[in-house]
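Down below is the structure, laid out as C-alpha cells.
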Number of protein chains: 2
Amino acid sequence: MAQETKEKIVGEAMRLFAVKGYGATSIADILQASGANSGSLYYFFPTKQDLLLEVLRRYQAGIADMLLAPAWEGLSDPIEKVFALLAAYRHMLVATDCTYGCPIGSLALEIHEPDPPVRALLAENFEGWVLAVEACYRDAAARLPPDIDRHALSIFTLTIMEGAVMQARTHRNLLAYDASIAMLRDHVARLEAAAKNSTDYQNQGDLT
Amino acid sequence: MAQETKEKIVGEAMRLFAVKGYGATSIADILQASGANSGSLYYFFPTKQDLLLEVLRRYQAGIADMLLAPAWEGLSDPIEKVFALLAAYRHMLVATDCTYGCPIGSLALEIHEPDPPVRALLAENFEGWVLAVEACYRDAAARLPPDIDRHALSIFTLTIMEGAVMQARTHRNLLAYDASIAMLRDHVARLEAAAKNSTDYQNQGDLT
DNA sequence: GTCTATAACCCGATAGAC
DNA sequence: GTCTATCGGGTTATAGAC
C-alpha cells in the first residue's frame, strides 16, 4: 500500500535524522532501514530537503500527542508539568546513554545554510514548545509574581533544556543537565516565594 | 615557510568550521581559502579529523586571550564580567546576522559519532569556559548566598548561553537570546538580594 | 615541505520498464 | 506506485615528482 511505504520512509527518516543527524544520514540509509526503493522515495519526496520538511511537520504536529501527553500523564499541577517535560528529555538521554536529546535542537544547529522553509519549521517547533510551557505558567496563575513575563520565562525554560541537553551529549553524562534543571527549579521556587510574600503583604493590608 | 602554511590552514579551518560546520566544510574549501595545496594539508594533518582536533585545541588554548580578555577589557566587577561575556556572544550574533554564535556548541551537536578524542576536547572547552565563569562567581564572594553552588551556577550560565544562541540562530533574531539573558540577570539579582537580606539579618543579630 | 594529478568511493538524484 | 540500473559530481585521501 502506498501510504504504508510513505509512512515507513518518513518514520525511518525521523529516527535516523535524530540519531545520526541530517547530513550524516544518506538516502541509502533511509532506503535500507525502511525497505523502500529509491524510486518510491523520490516519488513521494523529490529532494532530500522535502523529506526533512515532512519530518519537521510531523514533529510539529505530534508535539501534543507524542511529547506532552506521555510526559504529563496523571499530572495536574502546572509547575510540575513543566518539570515533567524536562524529565522526559532526561529519560531520553538516559535511554540513549546521552547520545541524543532534542532532535529539533540538533537539527537547528546542524543546518547552517539559510534554508528559509527549513528554518521556519524549526522555529515553529520551538514556538509550539514554548507556547505549551507558557500555558503551564499561566495556569500557575497567582503562584508566580504578576510582573514576571510568562512568555519570557517559557523561552528561558526552552533555552535551559536545549543548553543542558547539549552538555549532557558532549560530556556523555547527566551532571550538567541535572545541575541546570536544579537551578531552574531554584529560580521558580524563588519566584513562587516572592509571589507568596507579596500576596501575604496584600492580605495583611486587607486586614488592617 | 612551513609554519606559515600550517597556521593559514588551521586559521581558515577554524573560520570555516564555525561558519559552515565541520561536515559541510570540505577539504577543498579549506585549501581554496588558505591557498595551500592538498599535499601540504595532508602533510600536516593526515585526516580531516586530525585537523578538527587541532582546531579544538586552538579554541581551548585561546579562551583566555581570544575570548575572555577582549570581553573583560576595563571591567573589574565579577558579576558584570559574566554578563560582559554573554554580551560578547550577542555581539557575535549581531555581527553575523544571527548566523552563528558559539563554534564549540555547534560542533558539539553536529558530531554524532562517539569520536572519543573529539568529544573529550569539546568537553574540555566547555570546562574551561565554566571554570572562568566560576572564578567570577567566586570573586563575587559574599554577594551571593553562601549555600548556592558556584560551580552549578557556572554550568547553568553556559547552559543558558548555548540554548539562547541556538534559538537566536534558528529565529534569526535576538528576542529569545535577550529574554534568556534577562532572566539570568533576574535570577542573579534575586540571589544577590537574598545574600544581602541574610547579611542584614546577621548584622541585626550582631546589634542586639 | 610543496606541487599536480588522480584514485576510490559515496552522494543525491534520474531514467525508464513494469 | 514500484522496481533496477546508473549518471554526474563531490568527497577524502594518496602517489609520486620536485
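To find a chain, count down the sequence lines: A is the first, B the second, and so on, and within it residues start at 1. Owing to the predicted nature of the structure, the values given are computational and were not obtained by experimental measurement.
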Check [Y] with [X], please: is the shortest side-chain N to carboxylate O separation under 4.0 Å?
X        : Y       : value
A:Lys6   : A:Glu12 : no
B:Lys8   : B:Glu4  : no
A:Asp29  : A:Arg15 : no
A:Glu134 : A:Lys81 : no

Got a list of protein N/O to nucleotides 7-10 of chain D N/O distances below 3.5 Å?
none

Rounded to whole Å, please give me the gap between [atom1] in [X] and [atom2] in [N].
X       : N      : atom1 : atom2 : result
B:Lys8  : C:dT2  : NZ    : P     : 14 Å
A:Ile27 : D:dA5  : CD1   : C1'   : 17 Å
B:Gln49 : D:dA13 : CD    : P     : 9 Å
B:Phe44 : C:dC3  : CZ    : P     : 11 Å

Any idea which of C:dG12, C:dT2, D:dA13 is nearest the A:Lys48 side chain?
-> C:dG12

Residue pair B:Ser106 / B:Tyr22, side-chain donor-acceptor N/O under 3.5 Å |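 The answer is no; no qualifying pair exists.
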
Can you find a side chain N or O atom of B:Thr5 that sits less than 4.0 Å from OP1 or OP2 on C:dG1?
->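 Looking at the OP1 and OP2 atoms of C:dG1, neither is under 4.0 Å from any side-chain N or O of B:Thr5.
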
Does A:Tyr100 have A:Arg169 sitting over its ring (NZ/CZ under 6.0 Å from centre, angle to axis within 45°)?
->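 The answer is no, since A:Arg169 fails at least one limit relative to A:Tyr100.
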
Please say whether the positively charged group of B:Arg185, taken as NZ for Lys or CZ for Arg, lies over the ring of B:Phe83, i.e. under 6.0 angstrom from the six-membered ring centre and within 45 degrees of the axis.
->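 Judged by the rule, B:Arg185 and B:Phe83 form a cation-pi pair.
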
Using the test salt bridge (Lys or Arg N to Asp or Glu O under 4.0 Å), find all partners of A:Glu113 that sit at least two apart in sequence or belong to another chain.
->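 Once residues adjacent in sequence are excluded, A:Glu113 has no partner under the salt bridge (Lys or Arg N to Asp or Glu O under 4.0 Å) criterion.
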
By a strict heavy-atom criterion of less than 4.0 Å, which residues belonging to residues 29-43 of chain B are in contact with DNA chain C?
->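 B:Asn37, B:Ser38, B:Gly39, B:Ser40, B:Tyr43 - these, ordered by number, are the residues of the stretch whose heavy atoms sit under 4.0 Å from the strand.
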
